[in-house]
Amino acid sequence: MPTSIARQTERQLGGSRSVLVRQQRDHQELDRLVHAIDASTGRERLELLEDLARLVFPHAFAEESVLWPVIRRVMPEGPELTLQVEQEHQEINELWSQLERTTPGDGRHEELWPRIVALLREDVRDEEDEMLPRLQERVGRRELVRMGLMWEAVRRIAPTRPHPVVARRPPGNAVAALPLTVLDRSRDALDRTSRRREGRVSRVAGRLSSVAAGLAGRLEHVPPMTVGEDPSTRAGRTGRG
Ligand SMILES: [Fe+2]
């Protein structure tokens, strides 16, 4: 059984630029944000949820578009392991899309949130204990750094919101990246304005954000963006029991 990357030092993982260290750092930040969200209410909770979305969705998007294709190539068990993680990502995308339509305190929010947290934790365990240590056994430090740089470059410009209809694999997700990133990041700014300002400015920002959400929802269904998917990760039918 390979050693989990959670129990290895930065040096063992290939140094600060290695994809393994970058993953470990994001997973630790995810854990911090989940605890902070659990302890918060109202506007503070919404702001922290947005911080978490801006961490996990670009993180997963970049995994699916640049890391998992490499893992499928270099590891015999790659197709099986990456599919399992893609199914977890798909479920998180679907549940988070529902969460976006709730308000803290309305009951549905409190029902969805623990389910999302459980899936996020399962996803981290699958990556840190199974997939990434096996990758570490197969590739050298230089390749880990190369994958780290590639992943970081995509992560910085990836969509920041859930998109359950878009393919979890290239070419669909690669085509979707730019337009959805622009819409998501505009919505992040508009939602922040809507939360922090009052009166007309807040209302207009809220309405514009809804328009961008509608546009993103329609765009997701455009055929090139749904191509490449494994049938088990299509929207509405995650293959898990
Ligand atoms: Fe990850």
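Order of listing sets the numbers, starting from 1, for every ligand and every atom in it. Quick caveat, the model's predicted, so the values are computed rather than measured.
Alongside Leu208, the hydrophobic cluster contains Leu190, Val204 (criterion: ILVMFWY side chains under 4.5 Å). Under a 4.5 Å side-chain heavy-atom criterion applied to ILVMFWY residues, the cluster that includes Ile157 comprises that residue alone.
Donor-acceptor pairing under 3.5 Å is lacking for the side chains of Thr233 and Glu86.
Annotation: side chain of Asp123 is not in contact with side chain of Glu128 (no heavy-atom distance under 4.5 Å).
Around the Fe ion (ligand 1), protein N, O or S atoms at less than 2.8 Å number 5.
Listed by first and then second residue, the side chain to side chain donor-acceptor pair (under 3.5 Å) pairs that reach into residues 13-22 are Arg22-Glu152, sequence neighbours excluded.
Using a 30° and 60° split on the angle between ring planes, His59 and His27 fall in the tilted class, from 30° to 60°.
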